[in-house]
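Below: the structure, in structure tokens.
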Amino acid sequence: QVQLVESGGGLVQAGGSLRLSCVASGSTFSSVLMGWFRQAPRKEREFVAAITWSGGSTAYSASVKGRFTISRDNAKNTVYLQMNSLKPEDTTVYYCAAQRTFILIIRPGEYAYWGQGTQVTVSS
């Protein structure tokens, strides 16, 4: 079992930055793939970014590539999502997810563990 708790969401103006954090507990963090997803009301959950257990491989959606950066600190059991140049369309709830695998996966249905979500609101 892996428990995930996100933090760092909030209200920011367009062009601003936020850093989301997700702390994992309950299992060995270093062997777990970590991902960030987001979901707007009445829409499907959307892949944002993922990072392998070693941090050596990352993946990003086209909509955030070049603006967002995923990283992890295995000593702190924490994964981060640095979000720069935020746009109003980035407004939604962001979720941290985890799966025991050594490969990158982007489909939400393949992640076994989820956090409760943190709201990000970008004003124009």
Side-chain angles (χ1 to χ4, degrees):
Q1 284 287 344
V2 178
Q3 290 81 44
L4 304 172
V5 178
E6 303 100 331
S7 62
L11 173 64
V12 65
Q13 288 189 331
S17 299
L18 282 175
R19 187 175 80 158
L20 305 184
S21 299
C22 173
V23 179
S25 61
S27 187
T28 302
F29 183 69
S30 61
S31 62
V32 176
L33 171 75
M34 300 299 298
W36 286 98
F37 291 77
R38 62 189 184 185
Q39 187 171 21
R42 297 176 298 280
K43 291 191 175 181
E44 293 187 353
R45 195 158 291 190
E46 174 191 11
F47 171 74
V48 176
I51 185 167
T52 54
W53 72 274
S54 67
S57 294
T58 57
Y60 296 91
S61 69
S63 60
V64 308
K65 195 169 187 179
R67 299 188 298 123
F68 292 9
T69 302
I70 189 170
S71 62
R72 65 191 292 165
D73 184 340
N74 288 345
K76 296 182 178 180
N77 284 4
T78 302
V79 63
Y80 304 98
L81 185 67
Q82 178 66 43
M83 304 186 296
N84 299 330
S85 302
L86 282 161
K87 305 174 181 179
E89 51 263 44
D90 294 318
T91 295
T92 189
V93 179
Y94 285 72
Y95 296 89
C96 176
Q99 177 59 294
R100 297 191 180 282
T101 180
F102 293 103
I103 62 172
L104 283 169
I105 53 177
I106 65 172
R107 286 184 288 272
E110 296 184 26
Y111 283 78
Y113 307 102
W114 291 88
Q116 81 289 350
T118 185
Q119 175 71 44
V120 170
T121 303
V122 184
S123 63
S124 57

| Heavy-atom check, side chain of Glu110 versus side chain of Leu33, under 4.5 Å | no
| Rounded distance (nearest 0.5 Å) linking atom SG of Cys22 with atom CD of Glu6 | 5.0 Å
| query | About how many Å separate CD of Gln82 and CZ of Arg19, when rounded to the nearest 0.5 Å? | reply | 7.0 Å
| message | Would you say Phe47 ends up clustered with Leu104 if hydrophobic residues are merged whenever their side chains have heavy atoms under 4.5 Å apart, either directly or through other cluster members? | response | yes
| field | side chain to side chain contact (heavy atoms under 4.5 Å, CB included) evaluation trace for Lys76 with Ser21 | value | CA-CA 11 Å; Lys76 296 182 178 180; Ser21 299; over 6 Å; no
| message | Let's go through Trp36 and Cys96 carefully: what are the C-alpha distance in whole Å and the side-chain angles of both, what is the deciding distance for side chain to side chain contact (heavy atoms under 4.5 Å, CB included) to 0.1 Å, and is it a yes or a no? | response | CA-CA 5 Å; Trp36 286 98; Cys96 176; 4.0 Å; yes
| request: Taking the side chain as every heavy atom from C-beta outward, state whether Met83 and Arg67 have any atom pair closer than 4.5 Å. | output: no
| Can you hop from Tyr80 to Val93 via hydrophobic side chains spaced under 4.5 Å? | no
| query | Would a 4.5 Å heavy-atom cut-off, applied to side chains only, mark Phe68 and Asp90 as touching? | reply | yes
| request: Would you sort out whether Glu46 and Ser63 count as a side chain to side chain contact (heavy atoms under 4.5 Å, CB included), showing the intermediate values? | output: CA-CA 10 Å; Glu46 174 191 11; Ser63 60; 3.6 Å; yes
| field | Under 3.5 Å donor-acceptor, Asn74 side chain and Ser54 backbone | value | no
| task | Kindly compute the distance separating CG (Asn77) from CD (Gln3), expressed to the nearest 0.5 Å. | result | 11.0 Å
| note | Between Phe37 and the options Tyr95, Tyr111, Tyr94, the ring-ring contact (aromatic ring centres under 6.0 Å, His included) test singles out Tyr111
| Distance-only, no hydrogens or angles: does the Thr92 side chain make a donor-acceptor pair with backbone N or O of Gln39 under 3.5 Å? | yes
| query | Hey, are the side chains of Thr69 and Tyr60 touching, using non-hydrogen atoms and a 4.5 Å cut-off? | reply | yes
| note | On a heavy-atom basis, the closest approach of Leu4 and Ala98 is CD1-N, 3.8 Å
| Which heavy atom of Val79 sits nearest a heavy atom of Ser71, and at what distance? | CG2-O, 3.1 Å
| field | From OG (Ser124) to NZ (Lys87), nearest 0.5 Å | value | 14.0 Å
| task | Verify the cluster assignment for Trp114 and Ile51: are they in a single hydrophobic cluster under the rule of side-chain heavy atoms below 4.5 Å apart? | result | no
| query | Does Ile103 reach the side chain of Ile105, with side-chain heavy atoms less than 4.5 Å apart? | reply | yes
| query | Counting only N and O atoms by type, is there a donor-acceptor contact under 3.5 Å from the side chain of Gln116 to the main-chain atoms of Val5? | reply | no
| said: Show, in sequence, the C-alpha distance, side-chain angles and deciding distance for Val120 and Leu20, and conclude whether the side chain to side chain contact (heavy atoms under 4.5 Å, CB included) test is met. | reply: CA-CA 9 Å; Val120 170; Leu20 305 184; 4.0 Å; yes
| message | Using only atom types and a distance under 3.5 Å, with no angle test, would you say the side chain of Arg72 pairs donor to acceptor with the backbone of Thr52? | response | yes
| message | Starting from Leu18, can I reach Val64 by hopping between I/L/V/M/F/W/Y residues whose side chains sit under 4.5 Å apart? | response | yes
| query | Take atom CD in Gln1; do more than 12 heavy atoms of anything else shown fall under 6.0 Å from it? | reply | no
| query | Judged by atom type as modelled, is there a donor-acceptor pair below 3.5 Å linking the side chain of Thr91 to the main-chain atoms of Val122? | reply | yes
